[in-house]
Each structure stands twice: as structure tokens, then as C-alpha cells.
Amino acid sequence: MNDTKILLSEDEMPRQWYNIQADLPKPLPPVIHPGTGQPIGPDDLAPLFPMGLIMQEVSQERYIDIPEEILEVYKLWRPSPLIRAYRWEKALDTPAKIYYKWEGVSPPGSHKPNTAVAQAYYNKKEGVKRITTETGAGQWGSALSFACNLFDIECKVYMVRISYDQKPYRRIMMETWGAKCVPSPSTETQAGRMILKQDPDSPGSLGIAISEAVEIAAKNADTKYALGSVLNHVLLHQTIVGLEAQAQFKKAGDYPDVVIGCVGGGSNYAGFALPFVRDKIVDKRKTRFIAVEPTACPTMTKGLYRYDFGDTACTTPLIKMYTLGHNFIPAPIHAGGLRYHGMAPILCHLYELGLMKAVAYHQKAVFESAISFARAEGFIPAPETAHAIKATMDEAIRCRESGEKKVIAFNNSGHGHFDLAAYQKYLNNELEDYEYPEEKIKEALAHLPKIDA
Ligand SMILES: *Cc1c(COP(=O)(O)O)cnc(C)c1O
């Protein structure tokens, strides 16, 4: 078969998500309650999440049925295409075959609605009237707004102040889908008021916005909180991406030798990679897995595998993960979605077990590869996705040098139409590279909670 787009019909769409917890060679370390030092149970999470999602968080079942109502919404843009990058292969003069799974076709323009829709559904099913969340540049906020609107749930998004002021378009998307978006810190919460008292002009941070969203959910019985990455149930919902890709590779008569993706909290890469990781664990496939991050936020390549808080305000349970420390202050790189201090515990566990590798790149090289891709394939990728593109390009160039005809696959997690200001900076040669300083890692270690299991 020589098609550019390898398509599935709606009938061929997977009807279950894949839960890698069933196939892990060693179980995940437990999540710990910071007060008691003991593993948390489902009830500890009940004020924030509906039980349907909490049960998925801890489930050991291998395949979990996707409810019909969710499949109906997925059909708006799924199955997404798997595309063979013929033109880019030619431009790179590589004997390698390059495939990408294209998640930019969803209404909000990224992979994020794969979980937003599922989360809205399970909240609706348990009678939740309102969902709160935080958003940085707005990708997650817009995905959740889209999903809540379809299930008739109120959506309240706390958007980091500086992005709220500088990046209005994603906020307008949220409002178009009927959500309420407020700049954080706000006067609506204790957490927000406290910050504003100290600094009335605070630009905000993801940590502060999380604290605000969590506070509102914890205080109101009809309100829950939603997170767009990191957690096991989020990764579970994203496996629709990898399961579709597997069916598409089968149609194409190929199988990837290398599976690549960018990692912020780890959800798009996990969703794409985990079904292939299953093949490596269970069927002893030799596939290589490469998670790609920015040098400015090198969680896996330079962080420590320790218990840490998920947020800056130390309100979440303790999670064993690679971390740069919950006090981590990210440099202002343009891949806003990759600036989280921690990483999905499932990916960290696989990395620790040696099933996965990680690399870090500087943003100028990342944008250079994004331009190379856009000029060959047309689509302009999100700056986050461009990290995966840089790693793919390096692999393809290595194949050119060695003559190897590898099959390289990457997850194209979203389009960059709201990031054109960053592209302009790159084209005007105004971008700067940031290296995360080694001393900062030692400093972070000093502030990690003193629990180790
Ligand atoms: C949010 C986002 C990411 C990073 O989040 P993950 O949970 O690591 O996937 C990557 N790409 C795009 C397009 C995003 O919107």
C-alpha cells in the first residue's frame, strides 16, 4: 500500500481503552497521603473527582470499554489519520519511513479532548453540575470547555494571568463554547486573594491556578476538578490514539521501529506509545521509545525519581515521579505545555525500568525542525509537538548516514495556529535557548518532601 493517509472508518475505531497497569512487569509505586505517609485510597480523591474516574485511576483491568456516548463525540474527528510524511522524507533525503499520527484535527486542535470528553462524561453521569480547572496558554482549558459544552456542564477555567492578557484567542474559544474563563490569581478564592494581597500585579502561575480550581471544587458539593495530563486515567483515555495507530500500521503493512513523542505531563506521548509498549513487554518487540522534552524543563533527563507534590502549593497527594521540584519556575520558552515540573508516573516507571528513553532539545533547534516539517508537509505544528519533530528529524538523519530503512513514528499532538507569535520570533531570530542549571536540581532536592518508599 502506498497511500499517504492511512485511514480507518468509524466502524474500525477501537471501542476500548488500553490500561498498561495490567501488563507492567512491576506495579506502580503507591500514591502517598502527605499527612499520614500512607498510601491514599479512592475516598481521599472523592472530593475532587467522580468515582468513575477514580476507579479508572487504580484499575488493573487490561481493556476498559469506551461508553457509547463518548464514542459518539469522538466520531466528530476520530479516527484521526496516520500520515506517511513522503515529502519530508524526501526533503531529509532519508531511507527511513516517517509516519505521524495527526491529532490536530480535533475541534480544539490537539489530543486533549480525547480525555476532556471522557472526563466530562463521567462527571455528568454522577450529577456534577460544574467542573473547574486551570490552564496555562489555554490548550487544556479550551479542550475542557468544548467537552463540557457537549455534556451540558458548567466549566470554569482559571487561566494564568499573563497568558490571559497576552494570548486572548484561546480564551475566546473557551467563551465561544460557553465556559467562564477568569484570570488567575482571582479574587474569587482564598488562594487567589492571598497572592493578590502580596502582589496585586502577580502574573500568576500554573501552581496558583491549580490551587484556585481545587479550592472551588473542594468547597462545593456540585463541583469537581479536572486535570488534563499526568494522571493514570488521563493516559488511559489517550490510548485511543495508539490503538488507532496500531490498526493503521496493520493496514499499511508496517510496524514502527522507533516511537517518538513530546512530553509535558506525558499524556499525548503515553496515549500514542503505551499500546506499542505492551507489544514490547508482552510480545518482546524490539521497538525503541523516545520521550522528548525541552532543555529548559528537563524533567526526565535531569530530574530526580522521588516522591513530590503535583502542585506548587503542596496541596496534592505525593506522587513518585521524575521531578524538578514543585518549586520549579520554568523559563519562558514557547512550548507552554511542556513546562510542568513533574511527569506522568506511568511514563516515569517505564523509564526507570529501562523500557523508554528520554532526550532534551533547545527551542531554536526545535523550531528549525518545525519549519523543515511545515515546509515539506504543510501542517504547522504546535511548539510542543515540534520537540517530537526534532527527535524524528535526528533519527531520520542518522538513517541517512547509516543507510538504515527504519520505520519512525511520532505523535503530532496538535497544530500551532495560536502560536504564530512564537514562529515569528524564531523567524526574526529573536528566540533564546535556556539550559536548566545543575545547581537548581540540588536546590530542588533540598525542598522535596521527606518520604521515600
Ligand atoms: C498540552 C499539550 C502537550 C503537552 O502535554 P502532554 O500531557 O505531555 O501531552 C503537547 N502537545 C500539545 C499540542 C498540547 O496541547
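Both ligands and their constituent atoms are indexed starting at 1 by order of listing. Being a predicted model, the structure only gives us computed values, none of them experimental.
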field: Inter- and intrachain pairs under salt bridge (Lys or Arg N to Asp or Glu O under 4.0 Å), touching residues 156-179, at least two apart
entry: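 Only Lys156-Glu188, Arg161-Asp165, Arg171-Glu175 qualify under salt bridge (Lys or Arg N to Asp or Glu O under 4.0 Å).
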query: So which pairs with a foot in residues 45-64 pass salt bridge (Lys or Arg N to Asp or Glu O under 4.0 Å), sequence neighbours left out?
result: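 Listed once each, the pairs are Asp23-Arg62.
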Residue and atom name of the nearest protein heavy atom (relative to atom 11 (N) of ligand 1), distance in Å to one decimal: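 That would be Ser413 OG, 2.8 Å.
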Mark up the atoms of ligand 1 that fall under 4.0 Å of a heavy atom belonging to [X], in ascending order.
| X | answer |
| --- | --- |
| Gln139 | 15 (O) |
| Val263 | 8 (O) |
| Lys112 | 1 (C), 2 (C), 3 (C), 14 (C), 15 (O) |
| Cys262 | 10 (C) |
| Gly264 | 8 (O) |
| Ser229 | 6 (P), 7 (O) |

message: Can you confirm, on distance only, whether ligand 1 has an N/O atom lying under 3.5 Å from any N/O atom belonging to Leu338?
response: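 In this structure, Leu338 places no N or O atom under 3.5 Å from an N or O of ligand 1.
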message: Can you confirm, on distance only, whether ligand 1 has an N/O atom lying under 3.5 Å from any N/O atom belonging to Ala382?
response: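 Such a contact does not occur with ligand 1.
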query: Can you tell me if His111 has a non-hydrogen atom under 4.0 Å from ligand 1?
result: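 Contact check His111 vs ligand 1: positive.
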Donor on one side chain, acceptor on other, Thr295 and Glu435, under 3.5 Å: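 Thr295 vs Glu435: no donor-acceptor pair found between side chains.
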query: Looking only at non-hydrogen atoms, which of Gly265, Ala386, Gly414, Gly337 approaches atom 4 (C) of ligand 1 most closely?
result: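 Among Gly265, Ala386, Gly414, Gly337, the closest heavy atom to atom 4 (C) of ligand 1 belongs to Gly337.
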field: Nearest-option assignment for atom 9 (O) of ligand 1, heavy atoms, candidates Thr385, Asp419, Asn268, Thr135
entry: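 Of the listed residues, Asn268 has the closest heavy atom.
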query: Any salt bridge between Arg78 and Glu103, counting N to O under 4.0 Å?
result: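 So Arg78 pairs with Glu103 through a salt bridge.
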message: Ring-plane angle category for Tyr122 and His237, please: parallel below 30°, perpendicular beyond 60°, tilted otherwise.
response: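 If you compare the ring of Tyr122 with that of His237, the planes turn out parallel.
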message: Ring of Tyr255, cation from Arg285 - is the NZ or CZ under 6.0 Å from the centre and inside 45° of the axis?
response: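 Yes.
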field: From Thr132, Val128, Thr133, Ile216, residue fulfilling side-chain contact (heavy atoms from CB on, under 4.5 Å) relative to Lys224
entry: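 It is Val128; the other options fail the test.
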field: Option passing side-chain contact (heavy atoms from CB on, under 4.5 Å) with Leu355 (candidates Thr287, Leu350, Leu24, Leu347)
entry: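 Looking at Thr287, Leu350, Leu24, Leu347, the match for Leu355 under the side-chain contact (heavy atoms from CB on, under 4.5 Å) is Leu350.
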